[in-house]
Amino acid sequence: MPRGKRMPRRAGCKKSTCFKIDVQAPGLEVFTTPSNGAALLETAGQTTSGFLISENLQVAVNANFFSPCCSSNVGENKDLTGFAMSRGQIVSPAVTGTFSTALLVTSNSASVASTPLNTNHVYAGIGGAEIIVQNGQNMGVNPGVEPRTLAGVSQDGRYIYLMTIDGRQPGYSEGANHFEAAQWLIRFGAYKGFILDGGGSTAMAMSDRSGGAITLNRPSGGVQRVVGNNIGVYAQPLPDVVVTALEWSPTNLVAGTGVVFRATVLNQGHAPTPDGVILGVGFLVDGVGACWSDQYTNALAPGASITLTATGSPAGPNTWIATHGTHLVTATVDDINRFPELDETNNSFSRSLNVLRTNYMINSGGGRSLSYEADDWFSGGATFTGSGTINRTGVSSPAPSTAYRSERNGAFFYTLTNLVPRASFKVRLHFAELVHTSAGLRQFHVNANGNRMLSSFDIFAEAGATYKAVAKEFTCLSDSTGTIILQYVPGIGLPKSSAVELSLLALPSADNFDPPYLSGIIFAGETLNLSFSAWPGKTYRIQYRNDLSQSSWMDFGETFVANTSTITISNLPRVDGARFYRVVELY
């Protein structure tokens, strides 16, 4: 285009449709209307849809200018304008002048050229008029606004672009001049492009997969015209495998569990997967290969599904060892491309996997210390660190000395989340008095999910000395969301914590999921405090046995109506030997 020359912009509707064809795709052939042999002229006329159906193609578009026009008689002999080649045989010779441009297709590339043409290794070709895209630049100058059919190629010659722009239909699509048509080709990726026969001949069709054709554009004459030449694509039927579901077992995961992944695979293509070739699935966790399935070798028919379970991993077993937290699991079918597919970009399916925690080990007020994590999950309070030597001889399995030298103090609480819901946990709270040198100066309470677990606890009185470690433990059920809240409540002086240790005792049982269920048991001197969940408004009774072989349970106290969802029964007598308690919901 001469410097400074530009076609004016026009307002109006334009409907364009474009096929992008990868000539290097396996099993693909570009096909054009064949010669009519010894008959008159060069080809037998067909509509674009009729051409697609008769040649069993997947897509098709009209191509060369032709004559005579414009009969609706299918089979009428036509004379093509410009070059045409079908399956390596020249149907119409190249010409010079306006119609000297051609699309040439070899077994692995395509090009746009002008007379004289080099047809070595070319097996399909069509001819047209002006080049409107040259080296990625818009060369269109013809101002006529018409329906258009266009052809183009990518810079590397791998892709063909076949495009239609509807026209002569105000309010739907007015058509395009050459400049506008070139802009559309460039937007879709064409590096070179030219004009094919347009106007009433413009037509584009695709297979309906049942032997019929779907017209993709809206011909300006209302129906497809019988034309002299069409170009289409035959694509060998290929499988197309996708993952439609991703699951694992066990379903409720805790850290340390061996997880087995499985993926449901659907073949949504038009051909079975190759028999004897592995239909494999790779499983990734957070982008890292975790395991795979590589033992299924039967053909998977179109429309069929199968669930494939992991069969191995880099470590050998077919499991991934769960670590707590939220992970992204991705299953990719045919992950190492053992066979060609219709679409190679749709093989992956991802799901979020949450692994529940079974323990917490927290160094209150301090940084990480051995297996104890740095202080976290708290709200409120302040920190303090002492410098004395810790005496840990009175505690079995004590926390590290550094944990007892740091503390969180004041009114505060820890919210421990992502635990197994309604499971039983052992809670060990670690303490060392770093400030007070006599009993009675620091007494505080600790609640677990609203239940009083330590009452008027005095660290110095329990330990008998400053800088001497103490541990108190009790059981607690996580709530329905998998949360345990440990609340440190002021009494005399400020509460404090040296370390928090929580570990799973038992997974949920059926009794854990609907009240009543026991949520806390703690000894306070010579008495026992028992806490349980309840339905407000329901009537309950506490019963006991001294021996489980006894034939009946005995009532303790009177029946009562719950007014909250958590009930604590205080001052149950502590007896020598065993005693078993239960909560009964009466009505």
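Residue numbers count from 1 along this sequence.
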- Task: Could you tell me whether K20 sits above the aromatic face of Y159, with NZ or CZ closer than 6.0 angstrom to the six-membered ring centre and within 45 degrees of the axis?
- Result: yes
Is it true that the side chains of [X] and [Y] contain a donor and an acceptor less than 3.5 Å apart?
X    : Y    : result
S16  : K14  : no
Q46  : S54  : yes
N354 : N418 : yes
T264 : T307 : yes
T311 : N318 : no

- Side-chain ion pair, E247 and R351, N-O less than 4.0 Å: no
Check whether [X] reaches the backbone of [Y] with its side chain - one donor and one acceptor, N or O, closer than 3.5 Å.
X    : Y    : result
Q155 : Y191 : no
N64  : A84  : no
R148 : A176 : yes

- Tell me whether the centres of the aromatic rings in F19 and Y161 are closer together than 6.0 Å. no
- Message: Please tell me whether Y360 and W377 form a close aromatic pair, meaning their ring centres lie under 6.0 Å apart.
- Response: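 Distance test on ring centres: under 6.0 Å, yes.
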- Taking the six-membered ring for Trp, are H327 and W320 parallel (under 30°), tilted (30 to 60°) or perpendicular (over 60°)? perpendicular
- Task: Starting from the C-alpha separation in whole Å, work towards a yes-or-no answer on side chain to side chain donor-acceptor pair (under 3.5 Å) for N347 and D335.
- Result: CA-CA 8 Å; N347 296 80; D335 55 322; over 6 Å; no
